[in-house]
Amino acid sequence: MKVKVDFDLCESNALCEALAPEVFELDDDDFLVIKKESIGTEDEAAVRRAVAACPRAAISLDES
């Protein structure tokens with residue numbers, strides 16, 4: 001599974017980082033960085049929560 005972020009929509013509000021810190025973080029300039037683009041089952045639940053919590057719907061999962 002791959003994490004996708006539409007950076008045109010992303011507000012870098014850090015909700016995703018709070019829910020899945022092993023996958024997302026804000027850099028020193030407060031821009032979102034994907035730490036792990038491909039995730040396994042150990043991160044799936046946290047990333048799904050981050051996808052659901054994103055106020056701009058900027059995060060998605062590519063399950064193909």
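This is a predicted model, so every value here is computed, not measured.
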Expected output: side-chain R56 to main-chain C10 donor-acceptor under 3.5 Å: no
Residue pair I39 / L61, side-chain heavy-atom distance below 4.5 Å: yes
P55 side chain near N13 side chain, heavy-atom distance below 4.5 Å: yes
Closest non-hydrogen atom pair between L26 and A14, with its separation: CD1-CB, 3.6 Å
N-O pairing of K2 and E44 below 4.0 Å: no
Closest non-hydrogen atom pair between L19 and A46, with its separation: O-CB, 3.5 Å
From S12 atom OG to E17 atom CD, the distance as rounded to the nearest 0.5 Å: 10.0 Å
Cluster overlap F7 with V47, hydrophobic side-chain contacts below 4.5 Å: yes
Atom NZ of K4 with >12 non-hydrogen neighbours under 6.0 angstrom: no
Side-chain donor or acceptor of D29 paired with backbone N/O of F31 under 3.5 Å: no
Heavy-atom closest contact (V3 atom, I34 atom, distance): O-CD1, 4.2 Å
NZ (K35) with more than 12 external heavy atoms under 6.0 Å: yes
Side chain to side chain, L32 and F24, heavy atoms closer than 4.5 Å: yes
Point-to-point distance, once rounded to the nearest 0.5 Å, from OG of S64 to CE of M1: 10.5 Å
Spacing of CZ belonging to R48 relative to CD1 belonging to I59, to within rounding of 0.5 Å: 13.0 Å
Sub-4.5 Å side-chain heavy-atom contact between D43 and E22: yes
